[in-house]
Amino acid sequence: MTELPKSYDFHDYEEKIYRDWESKGYFKPWNDPNKLGFDPTIQPFVIVMPPPNITGALHLGHALFVAMEDLIIRYHRMKGEPTLWVPGTDHAGIATQLQVEKQLAKEGLAKADLGREAFEQRVWQWKEQYGSQITQQIRQLGASCDWERERFTLDPGLSRAVREAFVRLYEKGLIYRGPRMINWSPGLMTAVSDLEVEYSEEPGTLYYFKYMLADGSGEYIPVATTRPETILGDTAVAVHPEDPRYQKLVGKQVVVPIIGRAIPVIADDYVEREFGTGALKITPGHDPHDYEIGQRHNLPLINILNKDATLNENAGPYAGLDRFEARKKLWEDMRAQGLVIKEESYMLNVPRSMRGGEIIEPLVSTQWFVKMDSLAQKAKTAVEAGEIIFVPERFTKIFYNWMDNIQDWCISRQLWWGHRIPVWYCQDCGETIVARETPTHCPKCGSSRLEQDPDVLDTWFSSGLWPFSVFGWPDETSDYKYFYPTSVMETGYDIIFFWVARMIMDALEFTGKAPFHTVYLHGIIRDENGEKMSKTKGNVIDPLELMDAMGTDALRFTLLVGSTPGNDMNVSAKKVEANRNFTNKVWNIGRFVISAIDRAGEKPTTEPISTLSDSWIWARMKQVVNNVNDLFENYQFGEAGRQIYEFLWNDFADWYIEISKRQLAQGGSRAYFTAFGLARVLDTMLRLLHPYTPFVTEALWSYLKESCIAAGLPTEPRSGWEEALIVAKWPDRYAMDNWDEEFIKDFSLIQEIVRGIRNIRSEYKIAPARKLGAVLVSENLQILLESQKLVLCDLAGLEEEDTLIYTRKPDDLEGMVSLVVNEVEVFLNIVGRGDDEAERARLEKELQELESQISRLEALLAGPFAQKAPAKIVDAEREKLEGYRVSTQKIREQLSQ
RNA sequence: GGGUGGUUAGCUCAGUUGGUUAGAGCGUUGCGUUGACAUCGCAAAGGUCGUAGGUUCGAGUCCUAUACCACCCACCA
């Protein structure tokens with residue numbers, strides 16, 4: 001006998017259940033290449049977890065992907081596939097370095113005080129201390145991943161993979177080093193990639209000024225700029241070749257304000273004649289377009305910025321000033337010299353660093369780059385060939401678009417935390433050595449004076465290798481051979497370019513295989529008003545708090561059911577609360593079922609004929625199982641969850657359990673088989689629900705199992721109880737029989753009658769406890785009604801002895817309240833009901849509604865619909881019309897009495 | 001400038017081969033402790049599915065145009 005507490009207290013179960021799962025090894029694939037009896041022919045199901053940053057405290061975005069992946073993993077595990085989910089964390093170069101620098105700052109230290117080695121050590125310390133926090137929180141979410149295979153992007157093995165990848169790309173000529181225009185982050189003091197720059201619209205100024213001709217004629221070319229300080233780096237002024245205003249000036253020299261350098265006027269058709277003054281100052285050192293123009297015209301390139309965005313010695317009198325100070329000062333000086341024409345307010349698109357938020361400066365710098373076009377084309381081809389599909393599909397186009405316009409990727413970062421670039425420079429002969437392992441001497445001159453490139457690689461360089469580096473690549477390990485390529489990549493659409501695209505390119509390049517066959521993309525989580533959550537807005541919802549207050553299952557269910565693939569999702573505590581109620585509902589369904597089983601008694605020798613209710617709930621359950629299977633195969637987890645929820649609450653709890661109470665009270669074989677039926681439905685539904693709410697289902701299922709065994713209930717068609725729900729068999733599709741539909745149809749009629757009677761009771765304010773007498777009349781359904789009399793009485797509050805069922809209307813119905821459901825007439829004996837007028841009005845209203853439906857259907861069936869629509873659809877409408885007609889006629893009769 | 005998503009009940013959202021009275025949760029209103037559940041039950045109110053055209057026997061669902069919101073890509077000084 002199991003007595004469960006009245007409400008589900010998740011605190012009692014979550015931690016314990018998780019520990020139990022893990023200790024029993026359920027998170028590990030049952031078919032493992034490192035174990036005896038391994039069968040390589042069985043296809044595994046594999047997900048590699050998008051590694052969260054070690055800096056991260058768990059946020060709802062993590063909670064969403066963990067819940068989603070865990071759902072997919074649990075589903076496949078229950079289907080019996082060897083299932084592996086590889087967890088891990090990312091070293092997150094910039095983010096982590098900043099975090100540690102912040103910590104140092106509190107001690108009054110800068111990283112330079114420590115020096116590189118000590119600083120790196122400090123970061124490792126930090127990682128030891130805080131890096132496990134996030135994985136601990138992921139456990140709390142119920143993630144059933146194989147923690148023995150946990151990886152970190154800076155692990156020795158994965159670092160080796162990074163060097164291997166770098167060297168291979170270099171040897172193929174796909175990695176090169178050179179001066180290029182890059183995005184420089186003065187705050188972070190490093191180069192960043194194009195993807196790490198965000199543009200924000202901000203009000204600013206367009207400055208108009210004079211570029212005086214060098215010939216002293218006093219003539220000038222008017223030029224406009226948004227960044228006056230870059231004037232100091234100008235090496236030409238460009239005009240459109242066919243611009244009549246300036247044509248004659250092409251080839252002449254003009255003078256750079258203040259510093260007096262003479263530069264040429266050139267012609268280039270990049271210049272738009274209509275924009276600004278039609279003349280463009282060219283700063284090849286600090287503008288991507290100017291850089292290209294400079295290349296075309298062989299212009300010199302002047303860098304005016306230091307790494308911290310102060311001006312350097314090329315800025316003459318402004319050297320040492322911050323870029324914005326210099327802008328102000330220079331403009332004042334130019335005004336004093338009469339070079340200023342005007343200022344105009346102007347909407348700027350300011351490039352800002354995604355991380356630090358400060359303004360990015362484009363400048364020319366020597367960095368390492370990956371040549372992308374050939375990699376991208378290969379990736380695109382693979383997707384076109386269907387080797388990888390995106391869910392939802394629309395992201396395929398976005399993917400192609402990026403691949404077609406891809407730029408080379410700047411991969412070097414001027415940071416200390418990350419994968420050091422595996423390149424050494426000979427201090428004697430200047431040779432560049434690119435190697436997998438640290439070289440001892442220069443292969444060219446033999447010198448041992450080698451210095452490694454000080455830079456590290458973009459964090460995403462190692463992330464791109466993740467799907468295979470976690471399995472030991474470049475070694476052909478047994479894990480790599482069995483588990484790679486993986487199955488599904490589940491992640492947010494916001495990192496398609498950063499990560500998904502690069503994984504695909506890298507995998508094809510290095511392993512020759514697509515790294516996964518499906519990319520499932522989820523959306524971004526927002527607050528209840530659709531705004532992005534941010535600390536400054538103060539609208540951040542902490543998943544840990546939610547879990548603590550409402551339970552992990554409630555949070556998971558909310559995230560899983562509230563989202564549609566690829567769409568953003570608004571989350572509020574209210575929603576989680578609603579699902580907390582659902583977990584409690586499930587708990588109480590279990591509580592009821594288990595107590596029924598405990599009282600089931602001895603197995604009787606004969607099995608009674610199933611009631612309509614029994615057949616109905618079973619048929620409905622089969623429908624749900626089949627739907628859920630279909631939906632899962634199409635990644636429609638939200639809809640599947642909703643159907644499970646609806647079935648459990650609205651069909652099973654609200655109707656069937658209520659009905660079962662009477663069946664249980666009847667005792668004997670009826671009670672026994674009712675309990676058995678309850679157990680079977682609950683067992684099946686817990687299986688379906690488990691991937692969503694693993695804890696409450698696991699807890700309940702073990703009680704259910706215990707009770708069933710104690711009661712000696714059979715488990716067929718299964719041969720016995722599994723060890724635990726997490727490894728229990730997933731419900732396969734059922735074959736639906738045509739009588740299933742009949743059960744559902746018949747039962748719906750009973751439901752409609754019950755609802756109709758309840759409705760009237762409510763209208764007439766009849767106390768729920770008060771039983772009513774009733775007369776039911778139906779020519780054709782009398783047998784069905786008779787068989788369901790008890791159900792009707794129980795659910796609609798009718799007095800059993802005063803409830804009569806006829807095929808013909810008796811005469812003594814005077815003064816009873818009536819209603820019509822299809823061809824069934826119901827007369828309720830309501831003493832002390834309202835006046836006849838009100839009753840008349842009610843019937844007339846109903847009649848009106850029916851008549852409008854009838855005329856609608858008559859018109860429909862008289863039109864071309866009858867000829868053109870499929871016969872099945874037309875017949876259904878005809879049948880409906882017939883039903884309405886019968887009902888109308890009955891109401892008319894009642895009105896005429 | 002190019003592209004994507006959204007616009008459905010007071011609020012937050014479902015609605016995948018177009019099928020004919022459009023669904024849920026929350027909120028609202030009225031009743032209520034029958035052998036699990038007040039984290040509950042019963043009943044009810046509430047929507048011309050952004051707008052305008054079109055295709056079709058039939059459109060929330062497909063096509064065209066358009067408005068507004070959000071986002072992505074590109075970045076004309």
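In what follows, every chain begins at residue 1, and chains take the letters A, B, ... in the order their sequences are listed.
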B:C40 phosphate, OP1 or OP2, under 4.0 Å from A:N581 side-chain N/O
yes
Pick base, sugar-phosphate or nothing for A:Y493, based on heavy-atom distances below 4.0 Å to the nucleic acid.
nothing
Among B:A77, B:A36, B:U4, which nucleotide has an atom closest to any side-chain atom of A:R394?
B:U4
Looking at A:K574, I'd like to know whether one of its side-chain N or O atoms comes within less than 4.0 Å of OP1 or OP2 on B:C11.
no
Are any side-chain N or O atoms of A:S762 and backbone N or O atoms of A:R758, one a donor and one an acceptor, separated by less than 3.5 Å?
no
Taking atom C1' in both B:C69 and B:A24, compute the distance separating them and give it to the nearest angstrom.
24 Å
side-chain N/O A:Y346 vs B:A77 OP1/OP2, d < 4.0 Å:
yes
Determine the contact category for A:S7: base if any of its heavy atoms lies under 4.0 Å from a base atom, sugar-phosphate if only primed atoms, P, OP1 or OP2 are that close, otherwise nothing.
base
Looking across every strand, which nucleic acid part, if any, lies under 4.0 Å from A:W649 by heavy atom: base, sugar-phosphate, or nothing?
sugar-phosphate
So what does A:K6 touch, heavy atoms closer than 4.0 Å: a base, only the sugar-phosphate, or nothing?
sugar-phosphate
Side chain of A:T225 (C-beta onward), nearest among B:U12, B:A44, B:A77
B:A77
Please tell me which of the listed nucleotides, B:A36, B:G30, B:C57, lies nearest to the side chain of A:K765?
B:G30
Distance, nearest 0.5 Å, that separates CD of A:E198 from CE of A:M354:
4.0 Å
Under the side-chain contact (heavy atoms from CB on, under 4.5 Å) test against A:E201, which residue among A:V350, A:N349, A:L348 passes?
A:N349
So, does A:R580 get its side chain near the phosphate of B:U39, meaning an N or O under 4.0 Å from OP1 or OP2?
no
Any donor-acceptor pair under 3.5 Å between the side chain of A:K585 and the base of B:C37?
yes
OG1 (A:T583) and CG (A:L555) are apart, to the nearest 0.5 Å, by 11.5 Å
C1'-based separation of B:G5 from B:A9 [nearest Å]:
23 Å
Check every strand shown and say whether A:I657 touches a base, only sugar-phosphate, or nothing at a heavy-atom separation below 4.0 Å.
base
When all nucleic acid strands are considered with a 4.0 Å heavy-atom cut-off, which category describes A:F497: base, sugar-phosphate, or nothing?
sugar-phosphate
Would you say the side-chain atoms of A:T205 pair up with the backbone N or O of A:Y207, donor to acceptor, closer than 3.5 Å?
no
Hey, does A:A665 reach any base, or is it just sugar-phosphate, or nothing, if we go heavy atoms under 4.0 Å?
base
Indicate, with a heavy-atom threshold strictly under 4.0 Å, whether A:E639 touches base, sugar-phosphate, or nothing.
sugar-phosphate
With a 4.0 Å cut-off on heavy atoms, is A:T564 in touch with a base, just the backbone sugar-phosphate, or nothing at all?
sugar-phosphate
Spacing between A:R761 atom CZ and B:G41 atom C1', to the nearest angstrom
14 Å
Using a 4.0 Å heavy-atom cut-off, does A:P870 contact any base of the nucleic acid, only the sugar-phosphate backbone, or nothing at all?
base
Report yes if at least one side-chain N or O of A:N759 is closer than 4.0 Å to OP1 or OP2 of B:A44; otherwise report no.
yes
Checking only heavy atoms, does the side chain of A:K661 share a donor-acceptor pair with the base of B:A36 at less than 3.5 Å?
yes
Quick note, A:S762 side chain, CB onward, closest among B:C76, B:A43, B:G25 is B:A43
Closest nucleotide among B:G3, B:G35, B:G41 to the A:K397 side chain:
B:G3
Which listed nucleotide (B:C37, B:A77, B:C71) is nearest to the side chain of A:R526?
B:C71
Heavy atoms only, 4.0 Å cut-off, all strands: where does A:N634 land among base, sugar-phosphate and nothing?
nothing
Classify A:A578 by what it touches in the nucleic acid, base, sugar-phosphate, or nothing, heavy-atom distance under 4.0 Å.
sugar-phosphate
In A:Y692, A:F557, A:Y8, the residue satisfying ring-ring contact (aromatic ring centres under 6.0 Å, His included) with A:F582 is A:F557
Whichever of A:K880 and A:P768 has the more 5' nearest nucleotide on RNA chain B, that residue is A:K880
Below 3.5 Å, does any donor atom in the side chain of A:Q643 face an acceptor in the base of B:A24, or the other way round?
no
In whole angstroms, how far is the C1' atom of B:C76 from the CD atom of A:E272?
7 Å
What is the distance, to the nearest angstrom, from the CG atom on A:D494 to the C1' atom on B:G5?
15 Å
Roughly how many Å is it from CG in A:N650 to C1' in B:C42, rounded to a whole number?
13 Å
Whole-angstrom distance between B:G15 and B:G58, as gauged at atom P:
26 Å
A:R227 CZ to B:C75 C1', in whole Å, measures 12 Å
Regarding A:R755, tell me which of base, sugar-phosphate or nothing describes its non-hydrogen contacts under 4.0 Å with the strands shown.
sugar-phosphate
Dot-bracket for RNA chain B, 5' to 3', Watson-Crick and G-U pairs with both distances under 3.5 Å, [ ] for crossing pairs, | for partner on another strand, reads ((((((((.[[[[.)...(...]]]].(((((.......))))).....[[[[[..)....]]]]])))))))....
Donor-acceptor pair present, A:N584 side chain and B:C37 base, under 3.5 Å
no
With a 4.0 Å cut-off on heavy atoms, is A:A876 in touch with a base, just the backbone sugar-phosphate, or nothing at all?
nothing
